[in-house]
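First up is the structure itself, then whatever we jot down about it.
Letters go in sequence order (proteins before strands), and every chain restarts at 1.
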Amino acid sequence: MHIGGQMLTLQAIYILPDMQEIEKKIEDAVVAAVSEVTGEPFTGQVLLQETRREFEGDITVVVFPLVKLLRRSPEQTGEWLGAYLKEHLPEIDRYNVVKGFLNLAFTGAYWVSFLNDLLRTEDYGLKKAGDKSPMVVIEYSSPNTNKPLHLGHVRNNLIGYSLSRIMAAAGNRVIKTNIVNDRGIHICKSMLAWQKWGNGITPEKAGKKGDFLVGDFYVKFEQEYRKEVEQLVAQGLPEEEAKKKAPLLLEAQEMLRRWEAGDPEVLELWKRMNEWVYEGFDVTYKALGVDFDKIYYESDTYKVGKQIVLEALEKGLVYRRDDGSVWADLRDEGLDEKVLLRSDGTAVYMTQDLGTAVLRYNDFHFDEHIYVVGNEQNYHFQVLRVLMKKLGYPWADRLIHLSYGMVELPEGKMKSREGKVVDADDLIAGMIETAREMGEELGKLEGLGEEEKEEVFRRIGLGALKYFILKIDPKKNIVFNPRESIDFNGNTGPFIQYTYARIRSVFRKGEERGVIVPQTLGSDYLPNEKESFLTRLLARFPMVLADAAETDSPALIANYCYEVAKGFNQFYHDYSILNEPDARARDLRLVLAQKTGEILRTAMELLGIEMVERM
RNA sequence: GGUCCAGUAGCUCAGCUGGAUAGAGCAACAGUCUUCUAAACUGUAGGUCGCAGGUUCGAAUCCUGCCUGGAUCACCA
């Protein structure tokens with residue numbers, strides 16, 4: 001579809017400076033050194049790691065694995081290898097050996113030349129996608145249209161959106177997509193409740209967002225349904241049976257059959273109530289800052305799914321039971337039997353997901369399709385892959401389930417049918433309110449108009465929320481305590497935004513004084529310890545990005561941002577930039593500050609977090 | 001019961017393709033603003049890395065067993 005234009009853009013070709021280059025050189029040199037001594041080509045792995053902060057150096061060679069081969073002690077090996085590397089690699093300034101660790105320190109000139117490379121590089125670390133780049137489809141959000149979005153959806157949306165930014169930045173063509181679960185028994189429940197007890201109410205009349213109004217009726221249905229079940233149980237029915245025979249449920253099931261049969265009355269109500277919900281969702285999506293390239297509706301895809309199942313039935317890949325239901329037997333693959341069509345012929349969840357996958361493949365011929373869906377559906381996606389393989393789709397193994405953990409409240413799991421949820425809208429509003437209170441108290445935004453101030457508070461509030469959620473490894477469960485508001489100090493979004501604001505402030509002041517960032521740095525001033533440490537952090541960005549894309553983890557980006565911000569603040573605390581009398585030192589610090597700001601902004605954009613000029 | 005995931009400081013989390021004395025933040029305590037933003041910086045205190053074995057020169061990291069918590073195994077989505 002609309003990727004056509006992008007496909008034709010020329011790919012910029014330049015060398016991205018980063019640590020990988022020098023690491024490769026060191027590896028090669030170690031291999032050469034060892035081979036020279038043993039007289040045989042060395043094929044083992046060279047183990048490099050970043051030098052820990054308490055030791056002097058930039059990069060460390062772990063020499064233990066070489067000890068046996070060389071028949072020397074760890075200390076001797078380290079000393080010998082250190083001398084060899086210093087002699088052969090001009091980038092290496094000095095070395096020291098602690099136990100079995102060879103710490104190498106780069107020359108100041110190396111770091112200066114790295115900063116000069118950085119100065120010449122736009123969009124450092126980002127790879128542009130070309131028309132041959134892998135096509136990655138990312139599905140996230142996937143709401144039901146019977147209730148408002150809650151905290152769980154917030155995590156889903158933030159992970160999905162961030163991941164799409166990360167994949168794009170890593171050089172993939174990316175399609176953000178959403179499947180709207182707009183049909184099914186749960187929707188009928190809300191519709192039925194509205195018919196029975198709604199008295200014709202609308203969002204306008206109620207003065208309520210449409211998604212909340214519809215959600216109210218869903219809760220109402222569950223309440224009334226539970227009453228019916230209790231009554232039946234009181235009349236002597238076993239609970240299991242009562243749950244199946246309650247009149248309200250039978251009515252909802254009848255409504256689903258009428259919907260699927262195309263009953264105009266049901267369809268009209270369905271369209272109307274869905275429209276209310278979409279209007280509500282749009283507000284929430286906008287507030288969260290997420291969007292989609294293409295939206296699929298289950299009400300369309302289930303038909304494709306049914307077709308697929310019927311064709312498979314003809315081919316004998318699945319079978320029909322006596323009661324008319326259609327099943328796939330996956331026991332050979334270590335799974336169970338799975339229903340694909342109910343005995344009344346209606347579709348189930350799996351049916352529509354088959355259809356959606358096929359539609360998407362036809363639309364995009366993806367190389368990878370990532371489903372951002374909670375870990376409660378691990379089994380579903382396991383079945384989906386196996387089933388699609390069985391049905392003869394060779395690309396089935398390109399379907400990846402990015403399974404993330406649940407968001408729980410201190411009192412336990414959220415339950416929307418009981419109304420025990422943290423609504424996304426309320427949560428966002430609360431975060432912005434907290435940001436406003438703190439901001440007003442600090443009073444650093446004098447001189448800004450009300451609208452500008454509001455925008456700053458909005459960005460900070462959302463930054464805190466997004467960072468809080470994204471810094472945690474997706475697969476872990478989160479316990480969220482709404483009463484203890486999310487921190488705005490320490491390892492938080494606002495901390496990083498604040499660091500950026502500090503940097504911007506330096507440049508605002510600098511402009512007033514006519515200070516200009518140099519085009520290039522000379523090598524007559526060499527960076528001190530904190531300066532080269534910060535530079536080293538910046539040099540890691542491309543590798544961090546690649547790692548995050550590889551492991552589908554926005555958390556790696558978040559934690560990297562924190563390290564950079566912390567590194568900058570330590571440097572900033574100890575050294576002055578604008579007031580530095582030595583012009584050469586000032587120039588280097590200007591470059592360092594500018595590039596730190598750029599990288600922080602770029603990296604935070606990958607999390608969907610906006611920076612602020614002041615705070 | 002089967003399968004999958006998690007268990008690291010009081011709390012929230014990093015670290016997990018094996019490598020140095022297990023790191024941050026919050027909370028607690030003690031310092032640092034006439035100098036580019038103190039939403040910052042520095043320090044103190046806080047750990048049997050769930051438990052027990054095993055592999056290894058070396059294990060929070062790998063293997064086995066167990067314990068705890070969560071998810072799932074529906075003609076719900």
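Within the cation-pi definition used here (under 6.0 Å to the ring centroid, within 45° of the axis), A/R155 does not qualify as a partner of A/Y404.
Here the nucleotide nearest the side chain of A/E376, chosen from B/rA77, B/rU72, B/rA38, is B/rU72. Listed nucleotides B/rC76, B/rA77, B/rU37 differ in distance to A/Y349; the shortest reach to its side chain belongs to B/rA77. Which of B/rU12, B/rC76, B/rC36 sits closest to the side chain of A/F468 comes down to B/rU12. Here B/rC41 is the nucleotide among B/rC41, B/rA20, B/rA38 with the atom lying nearest to any side-chain atom of A/N569.
For the 3.5 Å distance criterion, the side chains of A/Y349 and A/Q377 qualify, holding a donor opposite an acceptor.
Of the charged side-chain nitrogens involved, at least one lies within less than 4.0 Å of a carboxylate oxygen, so that A/R321 and A/E337 count as a salt-bridged pair.
Partners of A/R71 according to the side chain to side chain contact (heavy atoms under 4.5 Å, CB included) rule, which considers only residues two or more places apart in sequence or in another chain, do not exist here. Residues passing the ring-ring contact (aromatic ring centres under 6.0 Å, His included) test with A/W270, sequence neighbours excluded: A/W259.
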Listed pairs under 3.5 Å, donor-acceptor, residues 339-348 of chain A side chains, sequence neighbours left out:
from   : atom 1 : to     : atom 2 : distance (Å)
A/R342 : NH1    : A/T346 : OG1    : 2.9
A/R342 : NH1    : A/A347 : O      : 3.1
A/D344 : OD1    : A/T346 : N      : 3.0
A/D344 : OD1    : A/T346 : OG1    : 2.7
A/D344 : OD2    : A/R257 : NH1    : 3.3

Side chain to side chain donor-acceptor pair (under 3.5 Å) for A/N103 and A/T60? Distances and angles first, verdict last.
CA-CA 4 Å; A/N103 302 315; A/T60 296; 2.7 Å; yes
Start with the C-alpha gap between A/H186 and A/Y218, add the side-chain angles, then the distance that decides, and say whether ring pair (Phe, Tyr, Trp, His ring centres under 6.0 Å) holds.
CA-CA 8 Å; A/H186 55 295; A/Y218 183 68; 7.4 Å; no
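For B/rA38, the OP1/OP2 oxygens have a side-chain nitrogen or oxygen of A/R502 closer than 4.0 Å. In terms of phosphate contacts, A/Q570 brings a side-chain nitrogen or oxygen within less than 4.0 Å of OP1 or OP2 of B/rU42.
Nearer to the 5' terminus of RNA chain B, by closest-nucleotide assignment, is the contact made by A/V98 (compared with the other of A/V98 and A/I460).
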So which protein nitrogen or oxygen atoms get under 3.5 Å of nucleotides 5-9 of chain B's nitrogens or oxygens?
from  : atom 1 : to     : atom 2 : distance (Å)
B/rG7 : OP1    : A/K476 : NZ     : 3.2

Under-3.5 Å N/O pairs linking protein and nucleotides 24-26 of chain B:
from   : atom 1 : to     : atom 2 : distance (Å)
B/rA24 : O2'    : A/Y562 : OH     : 2.8
B/rG25 : OP1    : A/K566 : NZ     : 3.3
B/rG25 : O2'    : A/N491 : N      : 3.3

Which atom pairs link the protein and nucleotides 21-23 of chain B when you take only N or O atoms and keep those under 3.5 Å?
from   : atom 1 : to    : atom 2 : distance (Å)
B/rU21 : OP1    : A/K99 : NZ     : 2.5
B/rG23 : OP1    : A/R52 : NH2    : 3.1

Pairwise N/O distances under 3.5 Å, protein to nucleotides 31-35 of chain B:
from   : atom 1 : to     : atom 2 : distance (Å)
B/rU35 : O2'    : A/N579 : ND2    : 3.2

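Between the C1' atoms of B/rG23 and B/rA9, the separation comes to 11 Å (whole Å). When the C1' atom is used for both B/rC62 and B/rU44, the distance is 37 Å, rounded to whole Å. Rounded to whole Å, the P atom of B/rC41 lies 16 Å from the corresponding atom of B/rU37. Annotation: B/rA22 and B/rA28 have their P atoms spaced 27 Å apart (nearest Å). The P atoms of B/rG69 and B/rU17 are separated by 29 Å, rounded to the nearest whole Å. Rounded to the nearest Å, the gap between the P atom of B/rC49 and that of B/rA38 is 40 Å. The same atom, P, is picked in B/rG18 and in B/rA59; the two are 13 Å apart, to the nearest Å.
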Reading nucleotides 54-62 of chain B 5' to 3', which nucleotides get B (base under 4.0 Å from a protein heavy atom), which S (sugar-phosphate only), which -?
---S-----
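Secondary structure note: stems in RNA chain B built from 3 or more consecutive Watson-Crick or G-U wobble pairs under 3.5 Å occupy B:1-7 with B:67-73, B:10-13 with B:23-26, B:28-32 with B:40-44, B:50-54 with B:62-66.
A/E512 comes within 4.0 angstrom of no nucleic acid atom, judged by non-hydrogen atoms across all strands. The residue A/Q377 sits close to a base: some heavy atom pair falls under 4.0 Å. Within 4.0 Å (heavy atoms only), A/D344 reaches no atom of the nucleic acid at all.
The salt bridge (charged side-chain N to carboxylate O under 4.0 Å, His left out) analysis of residues 456-474 of chain A, with sequence neighbours excluded, yields the pairs A/E455-A/R458, A/E455-A/R459, A/R458-A/E610, A/R459-A/E610, A/D473-A/K475. The side-chain hydrogen bond (donor to acceptor under 3.5 Å, both in side chains) pairs that include a residue from residues 497-506 of chain A are A/Y498-A/R502, A/T499-A/N569, A/Y500-A/R601, A/R502-A/N569, A/R504-A/E613, where partners are two or more places apart or lie in different chains. Residue pairs meeting the ring-ring contact (aromatic ring centres under 6.0 Å, His included) criterion with at least one member in residues 546-565 of chain A, sequence neighbours excluded: A/F495-A/Y562, A/F541-A/Y560.
For B/rC33, the glycosidic angle deviates from 0 by 90° or less, giving a syn base.
For a distance-only test at 3.5 Å, the side chain of A/T499 fails to qualify as a donor-acceptor partner of the base of B/rA40. With hydrogens and angles ignored, no donor-acceptor pair closer than 3.5 Å exists between the side chain of A/N146 and the base of B/rA77.
In this structure a side-chain-to-backbone donor-acceptor pair under 3.5 Å is missing from A/D487 to A/N489.
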